[in-house]
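Chain letters run A, B, ... following the sequence lines, proteins first and then strands; every chain starts at 1. Predicted model only: the values in this text are computed from it and were never measured.
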Amino acid sequence: MTEKSETAAAPHKAGAFDIRNIIGALLGIYGVILALAGLLGEHEPEKTGGVNANLWTGLALVVVALGFIGWARWRPVVVPDDFDRPDDDPTRPAPQRKRPPSH
Amino acid sequence: MSDTLIDANWLDYLLVAIYFGFVLGIGVMARRSVSDSIDFFLSGRSLPAWVTGLAFISANLGAVEIMGMSANGAELGLPTFHYFWVGAVPAMLFLGVVMMPFYYGSKVRSVPEFMFRRFGTGAHLVNAISFAVAQLLIAGVNLALLAGIVRALLGWPIWVSLIVAGAVVLSYITLGGLSAAIYNEVLQFFVIVASLVPLTLIGLHRVGGWDGLTDKITAASAGAASASEAPPAADQLNAWPGQALSGFDSPLLSVIGIVFGLGFVLSFGYWTTNFVEVQRAMASDSISAARKTPIIGSFPKMFVPFIVIVPGMISAVLVKEMIDLKNGGSPEGGASGEGVAYNDALLLLMRDVLPNGLLGLAIAGLLAAFMAGMAANISAFNTVFSYDLWQRYIRKDHSDDYYLRIGRLATVAATVIAIFTAQIALGYDNVMNYLQTLFGFFNAPLFATFILGMFWKRMTPTAGWVGLVAGTLSAIAVDRTAAAGVFELSGQGVAFLAASVAFVVDIVLSVVVSLVTKPKPASELKGLVYSETPREDRTDPHEASYPWYRRTIPLASISLAMVIVLNFAF
């Protein structure tokens, strides 16, 4: 899965940039907002057929988010000391990491 | 009630803003390289297989999937499932099992590159131009859908919405949203699933479950005005033989049309020559991981139709305008501003069943999908235009800076052109018809040339470009003949027929031309033709040591078995 062979030095963990933590953070924020909206806001039962959809979706998202964050804690990704850094793709006009030399 | 199609409030906008905050934040961090960890993830190597697998299907979960499939579900019902269970999943398994070892071993990184090395200038030039045109047209589809949402939310005229949507995409590209593409794609996947699953469940709840849905479709179809062209209920509720989808009256021809036209030519062509997606898999660290990427992606893929097609079917019996449309009426409103179309099925269902809050989540997911889709089209256009066309044929040997500037100009120009190609897309009631037509023009002949060139070393450079040109022209000819009313096929039948004709014409002409022209010497074909590529370049020495659930063939077999069961169940 995601485990990497650890080097002798203190392992350097991916932490906040682990994609599982990012997914967990986004879904968790959404979950809390939707659950609060479900508890405090209007129900609009005429749309959903009587179900408090915001509340239930919110709770489900919080559970999924905790699952992702828990997974990342349980099996952290260790960043090796050396790896291929991604190149700037010159065909993509996004800001470049290194400024191209000016003439 | 305001005069906009969708009544969003501050809560919805907050959820949309949070999503864009995340995406742009990651893009900026990726560019500034604030941490080793983010570099590590973006370098692609050692990404876990579930991430590349999800990115692989998410790269395609844009306009085609969400709006096209729900529009098709609303119009035609269950036969739309064929796009997944006869089309995409078997094609993804074929890609993983057969094609990927070859791609990985030959180190080909793009389709024009393969064309150049295998066939030389002629086929390369034809392919590069047709690829660039296709990307501009598909970018127009994404832009039209994006503008439709802007219009539904804010009520602006479609022209203003198109320009605003174009400007948003341009700033997304410039702010670096593309540089963290793999993060965005995986995030996007979860946001879309998180909004479409509740939409489907609430929708089913409202119509009284699956039984209620089938009852309502049966009743609606029985009571439909004869002027409407709605297919009979039996066709809408059974995937096979799918006459509503293929437009053939004979069930046998319909099955052949679906299996050969949709399943083989269109889907295999799409998935095996679409390097936007193939590159997700090539980023992995071994042949084994690259092969498993599409196979792992096929598992979530086979369940995607339940959250895109079923909502379309619900919309057609629950939403007042959609009922009217399917009954032969022409209701007012709709995202394009020119009356309701099947393309609006999902938006209208969202309006009717999602409370504020969930509505915002759904809007964020849709905006993200179309924006990322269009950005990917434009960046693909940009690459081909700057390097395959401009550098190779127009201005050689300039500085990197020069091509970078050309690339920036190409991006702006492509966005402006997409505003115009969006007009063509807006003219289609069901965007799926348009997309499949385009795939028939561009992907079907490409796939024919590609597969013949890969497995038949005798195929000559002349045959390469002749086949491509003739294939595309014959697909266009079939489409125009149908448009002129010479023959009539409803659904996507014309697109399937055009694709099949293009494929056959391409293969036949390529074989004939190859037999009378001179082939390349075998020494130049290493890594480009299957029989000339050494076996050790195509296999992974470690594969045999993995447990069964990490090996390619057992995983592919499970996926295939599951998709066959699904085909029989519906």
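The contact between B/L354 and chain A is made entirely by backbone atoms, counting heavy-atom distances below 4.5 Å. In this structure, chain A has no heavy atom under 4.5 Å from any part of B/F385. Contacts of A/A60 with chain B are absent, with no heavy-atom separation under 4.5 Å from either backbone or side chain. Within the 4.5 angstrom heavy-atom criterion, atoms from both the backbone and the side chain of B/L15 approach chain A. For A/I33, the part lying under 4.5 angstrom from a heavy atom of chain B is the side chain only. Heavy atoms closer than 4.5 Å to chain B are found in both the backbone and the side chain of A/I23. For B/L358, the parts lying under 4.5 angstrom from a heavy atom of chain A are both the backbone and the side chain. The part of A/T57 that comes within reach of chain B is its side chain, from C-beta onward, which places non-hydrogen atoms under 4.5 angstrom from that chain. Residue contact with chain A, scored on non-hydrogen atoms closer than 4.5 Å, involves the side chain of B/V186 exclusively.
Note: B/L361 leads B/V197, B/L11, B/L361 in heavy-atom pairs under 4.5 Å with chain A. Contact tally against chain A (heavy-atom pairs below 4.5 Å) for B/V191, B/L201, B/L14, B/N356: the top residue is B/N356. Contact count against chain A (heavy-atom pairs under 4.5 Å) is highest for B/P355 among B/A364, B/G357, B/P355, B/G360.
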